[in-house]
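Numbers restart at 1 for each chain; the letters A, B, ... are given by sequence-line order, proteins then strands.
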Amino acid sequence: MSQIGSNRGMVSQNVSQGLDGQGLAIIASDNAFGVSPAGPALLSQQLFGIANATFELLPPNPNAAISAENPIPYWDFIEYSNGIMSATAVYDSTTKTWGVTLYPGSAVTDDYCELTTRSFVLTDDNLNLRQTALTVLSKSGTAGGTAAQWRAVLSATYFDHSGGTVSSYSIGTVTDVQSWTSLSGTTTAGGSAVGASARYVDLSIRITALGTVTGTANLTVKSALLSSSIGASQKSFLVTETITSSTTWSVPTSVTNLVAVVGVGAGGGGAGGGLAATRQVGQTRVAGGGGGGGAPYLIARDVPLGTATSVTIGIGAGGSGGTAQTFTKAAGSNANAATAGAAGSGGGATTFGSYFTITGGGGGTAGAVSNNGAACAAGGGGTAGSYSSDYSSATPGTPFTTATGGIGGSCTTATAPYFSEAGSAGGYGALALIYPYATSQSGISGGSASSSGTAFAVTIGAIGTALGSATFGGGGGGAASGAGTATVSAGGGAGGPGTPYRSAAGGAGASVVASLTGAGSGSAIATAGNGANAPDYGGGGGGAGGGICFTTTSSGNYDPRPALITSGRGGSGANAIIVLVYVG
Amino acid sequence: MKRYVFLTGLTVTQVIVGELSSDQLNIFVHDYRRIFGIDSSVIVEDDRPVWIGGSYDATSGEFSPPPSPEPEPEPIVEETTNDDAPII
């Protein structure tokens with residue numbers, strides 16, 4: 001009898017016939033470049049420990065409910081709900097991946113359905129084999145109330161060669177009223193070694209009704225992974241969770257410490273632009289407002305959770321930008337105005353239990369204004385965010401590193417020993433000075449971590465445009481109008497946005513100068529640019545709103561005209577973010 | 001996302017974003033009472049400005065910024081005679 005290895009023809013012939021029940025190759029006979037020797041099932045088994053880990057092998061009828069007659073390869077689905085609970089393969093056209101959705105339907109108490117796969121293990125009494133499972137999940141629909149109507153449990157049960165149970169362990173639980181994206185943990189209690197007699201493990205996800213289900217929430221299993229390690233102290237997965245919405249985070253089963261927690265604080269809001277109007281030529285002054293302060297990021301390492309089962313995570317809200325100011329002058333009125341912009345608000349604090357607090361950047365303060373020619377001081381930038389922690393003093397060394405947040409428009413780079421980066425600040429509001437008849441006005445670009453922006457010239461009558469750059473939001477271009485007797489309209493460009501997840505500040509809105517040169521009665525409408533909102537998760541402050549000046553070249557030209565002038569509002573600071581890293 | 005505004009008296013002390021259940025919010029109030037000394041919370045579902053350090057009017061539901069640190073210059077009220085000032 002021929003044996004593998006002794007007859008190339010026999011090997012080729014037999015291997016090429018290694019097909020699964022749907023005719024897909026288990027082992028590929030083709031050895032051309034780019035071809036895997038393993039078919040999809042074997043490849044999945046090899047890479048993830050489970051034969052159809054990502055459900056790319058579909059039921060015979062992918063659109064029909066999964067059942068004994070329409071099984072999904074390498075998985076088993078059962079339901080004890082008189083047909084109420086069901087499962088179907090689903091395709092996510094965005095991620096281009098498959099999953100299996102478990103529908104609780106209108107199940108009643110103790111009804112359940114279960115999706116199970118099996119993986120084989122080889123061990124003995126010296127290997128200290130330990131395994132970790134991870135299921136990636138997604139939730140859709142909504143719960144039927146605030147009390148849980150169903151729970152889903154990921155469990156692992158090991159069997160010996162004769163089908164006897166070696167061990168069984170519930171890895172983790174979620175309910176329909178919670179938010180979740182995964183279940184993971186060791187497959188044995190406390191991560192202990194798998195029993196030496198184990199020969200295979202069943203990994204199951206069971207949904208059990210806790211009452212009559214009235215909600216529409218359902219659970220999709222996107223993938224399931226099983227990883228093995230040997231030795232006394234190894235685990236398997238490095239898991240990250242990104243938190244952008246405040247929550248009470250449930251500590252995964254068997255996780256007793258975090259490798260790291262990274263937090264980026266919330267930025268402050270930029271000041272709103274000031275406003276000045278008068279018939280007195282050359283007397284309006286509006287100083288630029290301050291951008292919102294930046295917030296630092298912070299890294300905490302080796303954070304012990306002890307026996308905590310949950311941790312409150314507060315995601316600081318980006319500070320609100322200062323509101324815009326408006327001045328409306330009726331035709332025939334000689335009213336004037338000098339209104340400073342509104343200050344921006346500080347960003348909210350970002351908290352991880354009582355382990356640390358990252359205070360948000362401060363709000364920018366408004367620049368001074370005048371309509372009598374007095375010099376005006378620029379508004380101050382928001383104060384830098386900071387942090388405090390109960391944990392740093394409890395651990396030798398410097399587990400935390402941080403950076404000084406930027407002060408509006410002129411952030412300085414911190415000198416922390418490592419993992420430090422200065423938070424960026426919102427850009428200065430543009431400085432608006434009235435120069436009647438001038439052919440150009442100065443605008444200013446947005447702030448950055450190291451610069452308050454660069455002045456540049458804009459042409460009278462032109463409406464400024466945003467000058468956003470890849471990292472830091474550029475300021476809007478200034479605008480000015482010197483029209484004669486007709487309606488005058490000028491708008492400053494808004495600040496440009498930065499890039500999400502970067503240390504980015506919102507650009508400052510542009511200033512506007514409207515100078516009426518003629519004696520006509522046309523209305524004047526002028527609006528300064530808004531400060532840009534700092535993109536979320538970068539710790540940046542919002543840009544300041546542009547200031548605005550309104551005057552004419554002669555008091556006789558001022559009075560007849562109705563006018564509506566509006567300064568720019570400040571941009572909002574970035575919302576915060578926390579990323580958790582742990583071995584699951 | 002909603003904003004959850006935490007108050008010490010009627011002063012805004014802390015603002016976070018999220019979609020918290022009532023049970024989760026109660027946990028935050030408990031924790032933040034200890035961390036920040038807050039004693040109540042308000043949910044804001046629109047984008048109106050909220051100022052940390054500012055005040056909350058429980059009757060109107062409006063937020064106000066903290067007092068400006070510096071007085072604003074007074075606008076002039078009398079006219080001057082520089083209508084024909086030279087062009088700058």
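Between F28(B) and T248(A), some side-chain heavy-atom pair lies under the 4.5 Å cut-off.
Here OG of S245(A) is found 6.5 Å from CG of L20(B). Values are rounded to the nearest 0.5 Å. Atom OG1 of T312(A) sits about 4.0 Å away from atom CG of D31(B), to the nearest 0.5 Å. Here the CG-OG distance, from D47(B) to S320(A), works out to 8.5 Å after rounding to the nearest 0.5 Å. Atom CD in Q24(B) sits 11.5 Å away from atom OG1 in T146(A) (nearest 0.5 Å).
Side-chain contact check for T351(A) and Y32(B): at least one donor-acceptor pair (N or O, by modelled atom type) lies under 3.5 Å.
When all heavy atoms are compared, the tightest approach of F36(B) to T357(A) is CZ-CG2, 4.0 Å. Pairing each heavy atom of T244(A) with each of M1(B), the nearest pair is O-CE, 3.5 Å.
Judged by distance alone, the side chain of W51(B) and the main-chain N or O of G319(A) form no donor-acceptor pair under 3.5 Å. The main-chain N or O of I52(B) is found under 3.5 Å from a side-chain atom of S345(A) such that the two form a donor-acceptor pair. The backbone N or O of A349(A) sits less than 3.5 Å from a side-chain atom of Q14(B), completing a donor-acceptor pair.
Note: V15(B) leads V15(B), V12(B), V5(B) in heavy-atom pairs under 4.5 Å with chain A.
For F6(B), no part lies near chain A; criterion is any non-hydrogen pair under 4.5 Å.
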